[in-house]
Number of protein chains: 2
Amino acid sequence: MTISLTEENYLKAIYTLSHLFEESEVSTNQISDHLKNKAATVTDMLKRLAEKKLINYIPYQGVKLTEKGKRTAIKVIRKHRLWEVFLVDKLKFKWDEVHEIAEQLEHINSDELIQRLDEFLGKPKFDPHGDPIPDANGQLNSVKALPLNQHKAKGTFIFVGVNEHSKAFLQHLTSIGLKIGDAIKVEEINEFDNSFKVKINKNNSQFFSNKVASNILVEIKK
Amino acid sequence: MTISLTEENYLKAIYTLSHLFEESEVSTNQISDHLKNKAATVTDMLKRLAEKKLINYIPYQGVKLTEKGKRTAIKVIRKHRLWEVFLVDKLKFKWDEVHEIAEQLEHINSDELIQRLDEFLGKPKFDPHGDPIPDANGQLNSVKALPLNQHKAKGTFIFVGVNEHSKAFLQHLTSIGLKIGDAIKVEEINEFDNSFKVKINKNNSQFFSNKVASNILVEIKK
DNA sequence: AGATATTTTTAGGTTCGTCTAAAAATTGTC
DNA sequence: GACAATTTTTAGACGAACCTAAAAATATCT
Ligand SMILES: [Mn+2]
Ligand SMILES: [Mn+2]
Ligand SMILES: [Mn+2]
Ligand SMILES: [Mn+2]
């Protein structure tokens with residue numbers, strides 16, 4: 001049984017949405033919003049995926065990946081993130097330029113290729129955006145990092161990933177000089193608008209709006 | 001106007017066939033044999049490609065690529081061969097393992113990606129099978145090499161490419177220890193069956209059947 | 001609970017890329 | 001030049017992946 005490119009994209013969407021909202025059931029409208037397809041189109045596809053035992057689907061009740069569906073989704077995510085590492089590390093693309101190309105490359109079908117690519121890249125654990133790369137068995141370390149704005153006290157943090165992957169946001173971070181792994185020292189938290197006065201790597205102070213702070217994932221610096 | 005994966009494969013097939021038979025017009029049946037589709041299916045597609053001005057199509061008279069169609073075909077071939085170089089040089093695949101994966105990768109759509117891949121690989125001129133890689137402007141050095149069996153005299157040759165790309169044939173060449181760039185010294189040509197007694201890189205003598213000799217492309221060693 | 005709003009499914013339609021069977025055009029043979 | 005063989009096209013059908021419009025189910029509000 002073969003899984004089409006379109007089916008792979010639906011499985012990935014269901015996987016992503018179920019983790020995004022921390023609910024096991026994903027709704028038709030959530031999928032239709034995410035993939036920018038009409039709800040009727042999604043219903044069609046859900047029937048086909050259920051037929052193939054990739055999801056459990058009860059009409060009107062939403063949808064859940066089966067083990068097989070989950071394995072497939074994670075494999076696509078693994079490929080996406082490995083290719084992003086390749087594009088940034090080897091081909092010197094910027095981190096805001098790789099997502100669309102990886103959306104294509106993630107559907108290339110060859111187990112041998114993934115395995116060799118993984119080795120070629122040095123079995124990376126994270127992609128250029130700080131997202132964890134599932135291992136060959138589909139094991140994925142869930143990220144324990146929190147958005148900066150959920151830390152209510154001053155202190156020094158390490159920037160480990162982003163919550164928002166848009167080109168505009170990634171370019172904004174680049175323009176303010178923030179890269180994965182940088183230290184962020186919070187000097188002040190502004191009560192009024194929840195903005196943050198911070199220092200990146202001991203450079204000059206600058207301000208993060210709450211919106212920026214909410215999309216920056218950090219760990220507490222040890 | 002966007003060109004689908006399927007359309008790209010038809011354009012590539014037409015390009016390849018027109019060069020294979022050195023005829024400008026390619027027939028419906030040639031395409032249908034090559035792509036293993038039914039002739040009726042091919043006719044349907046030819047109408048669509050003509051509609052898009054990618055081919056000149058006169059019913060019953062065969063088909064020819066337009067400039068635009070030719071440019072597209074050559075770009076797909078360029079991508080195919082660059083990816084094959086990547087797979088062999090960087091990921092250490094064997095030359096008989098890369099074609100199927102390249103058949104998928106050749107459809108990835110990103111000019112920036114091709115350009116960077118080309119640079120990453122050191123702007124290679126030939127793929128792992130000795131086929132020339134079109135440059136970024138679509139220029140392609142036609143191969144002047146001839147099959148070994150068309151040389152009717154003894155002498156020393158350089159193995160520069162293959163006429164037949166099947167896994168079986170490539171593995172056979174590997175098993176007899178023949179690689180691109182090797183010197184082949186023809187010591188005898190057997191009149192009876194047109195087989196060749198040869199030495200590869202000054203190793204022990206061995207025999208090439210005419211069939212093998214006809215699929216090995218060589219240049220005369222200077 | 002009943003009315004209203006929202007979500008989801010069903011019904012019916014389109015395009016792409018494939019097929020089979022039959023008709024038409026071209027090519028080869030005597 | 002007529003007949004036969006081959007090639008190519010047309011006609012009609014189908015599945016995948018999309019759509020719009022309408023109906024049905026579920027959720028929300030007073
Ligand atoms: Mn991405
Ligand atoms: Mn990423
Ligand atoms: Mn190939
Ligand atoms: Mn090749």
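Just so we're on the same page: letters track the sequence lines, and every chain starts at 1.
Close approach of DNA chain D to chain A, defined as any atom under 4.0 Å from a non-hydrogen atom of the protein, starts and stops at D/dA16 to D/dT26.
Residue pairs satisfying the side chain to side chain donor-acceptor pair (under 3.5 Å) criterion with at least one member in residues 66-78 of chain A, sequence neighbours excluded, are listed as follows: A/Lys75-A/Asp111, A/Arg78-A/Asp118. Here salt bridge (charged side-chain N to carboxylate O under 4.0 Å, His left out) pairs that include residues 90-110 of chain A, with residues two or more places apart or in two chains, are A/Lys12-A/Glu103, A/Lys12-A/Glu106, A/Lys94-A/Glu97.
Listed in residue order, the members of residues 32-50 of chain A having a heavy atom less than 4.0 Å from DNA chain C are A/Ala39, A/Ala40, A/Thr43, A/Lys47. Sorted by residue number, the members of residues 20-28 of chain A with any non-hydrogen atom under 4.0 Å from DNA chain C read A/Ser27, A/Thr28.
You'll find the side chain of B/Leu178 reaches within 4.5 Å of the side chain of B/Ile184, heavy atoms only.
Mapping A/Tyr10 and B/Asn29 onto DNA chain D via the closest heavy atom, the residue that lands nearer the 5' end is B/Asn29.
Closest approach of B/Phe196 to B/Val186, counting heavy atoms only: CD2-CG1, 3.9 Å.
Taking the six-membered ring for Trp and thresholds of 30 and 60 degrees, A/Trp83 and B/Trp83 have ring planes more than 60 degrees apart, a perpendicular arrangement. Note on ring orientation: taking the six-membered ring where Trp is involved, the planes of A/Phe120 and B/Phe86 are perpendicular (angle over 60°, cut-offs 30° and 60°).
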Output a table of donor-acceptor pairs, distance under 3.5 Å, between side-chain atoms of residues 159-170 of chain B and any protein atom two or more places apart or on a different chain; print 'none' if there are none.
residue  : atom : partner  : partner atom : Å
B/Asn163 : ND2  : B/Ser214 : O            : 3.3
B/Glu164 : OE2  : B/Ser166 : N            : 3.3
B/Glu164 : OE2  : B/Ser166 : OG           : 2.6
B/His165 : NE2  : B/Asp131 : OD2          : 2.7
B/Ser166 : OG   : B/Phe169 : N            : 3.1

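Taking atom CD of residue A/Gln30 and atom C1' of nucleotide C/dT7, one finds them 12 Å apart after rounding to whole Å.
Atom CG in B/Leu82 sits 15.0 Å away from atom CZ in B/Arg116 (nearest 0.5 Å). Once rounded to the nearest 0.5 Å, the distance linking CG of A/Asn56 with CG of A/Leu46 reads 12.0 Å. Rounding to the nearest 0.5 angstrom, the gap separating the CZ atom in B/Phe192 from the CG atom in B/Asn190 is 8.0 Å.
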